[in-house]
Amino acid sequence: MEIIVGKKSGFCAGVRNTITQAEKELENNANGLDCLGEIIHNKQVIESLNKKGLHIIDSIEQAKNKVIIRAHGISKQVYTYAKENNIKLIDLTCPKVLLIHKQVQEFAENNYFIFLLGVKDHPETIGTYSFCGDNSYVIENTDDISNALNALNSSNLKNVLIISQTTFSVSLFEKIVDMISNALDESFNLHIEKSICDATNLRQAEANEISKKADLMIIIGGQNSSNTKKLVDVSKNNCKNVLHIQTIDDLNLDFVKKFDKIGIMAGASTPSDIIEEVVSTLQSI
Ligand code: SF4
């Protein structure tokens with residue numbers, strides 16, 4: 001059995017920084033800290049931080065301690081609520097996400113209509129959208145384009161920005177950009193901001209390459225991790241057998257044994273020890 005492990009698998013810089021900083025902050029806050037939403041989409045990491053005093057809260061109204069803001073970022077309304085209620089934030093939003101917040105605000109102030117490409121219910125998209133102003137529309141897939149163009153036309157704006165969630169699918173971004181470019185006549189001024197993060201870009205490109213060679217792809221990452229789901233989608237384009245697992249416990253070894261060439265990729269919130277455990281178990285078969 002040949003095993004190909006993607007070099008870009010696992011923690012991105014933003015997630016690594018979030019975990020490192022959260023651990024440091026927990027050492028300095030004996031009463032524990034709150035975190036708005038799961039700090040990363042990984043059960044094992046969350047359980048380990050829980051033991052060190054991290055409490056996950058679902059909304060800012062539940063805050064009882066200082067609140068960690070994870071790499072995905074938060075909405076304008078959450079910043080305002082925290083300020084008005086003297087809730088201290090430890091803002092670990094990834095700098096790349098903060099840059100997008102700044103960019104959309106500036107474009108909105110300059111009378112641009114904003115098409116934000118992203119998964120509608122993803123926290124990063126919700127956060128970024130809150131900075132886009134009224135003249136904006138979230139596009140999750142090509143089915144949304146017609147309504148998005150109607151919203152643009154109703155606004156009477158002629159400047160248009162296309163920007164995306166940092167973990168959006170590279171191929172879907174290009175497809176949507178093409179469709180919108182073709183739909184707009186010369187009276188529109190279209191600006192495209194390629195805001196998909198390099199870590200996402202490289203990981204999707206690597207999953208694409210490995211899945212062309214492998215007869216089974218194993219993608220490791222949280223079931224609700226957006227960037228992991230993209231790796232599954234990319235792999236399915238080239239490989240008939242794609243498994244999405246969270247840990248080695250989800251793997252049916254009798255099934256896996258049938259394959260000669262296995263590709264492994266992992267999402268941005270998968271710790272290296274979980275990847276190593278899968279690899280070493282496969283090597284031992
Ligand atoms: S995927 Fe990119 S933008 Fe998102 S947290 Fe990681 S480094 Fe930051």
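Whatever order the structure lists them in is the order used to number ligands and atoms, beginning at 1. No experiment lies behind these values; they were computed from the predicted model shown.
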Candidate list Thr166, Leu202, Thr167, test side-chain contact (heavy atoms from CB on, under 4.5 Å), partner Cys197, passing option: Thr166

Heavy-atom neighbours of Lys212 NZ exceed 12 at 6.0 Å: yes

Heavy-atom neighbours of Lys7 NZ exceed 12 at 6.0 Å: no

Region of Ala268 engaging ligand 1 - heavy atom pairs below 4.0 Å: neither

Carboxylate-amine/guanidinium contact Glu106 Lys102, below 4.0 Å: yes

Nearest neighbour in protein (non-hydrogen) for atom 4 (Fe) of ligand 1: Thr166 OG1, 3.5 Å

Whether over 12 other heavy atoms sit under 6.0 Å from Asn153 CG: yes

N, O or S from Cys94 under 2.8 Å to atom 2 (Fe) of ligand 1: no

Protein heavy atom at shortest distance from atom 2 (Fe) of ligand 1: Cys197 SG, 2.3 Å

Which residue and heavy atom of the protein sit nearest atom 7 (S) of ligand 1, plus the separation: Gly14 N, 3.5 Å

Protein heavy atom at shortest distance from atom 6 (Fe) of ligand 1: Cys12 SG, 2.3 Å

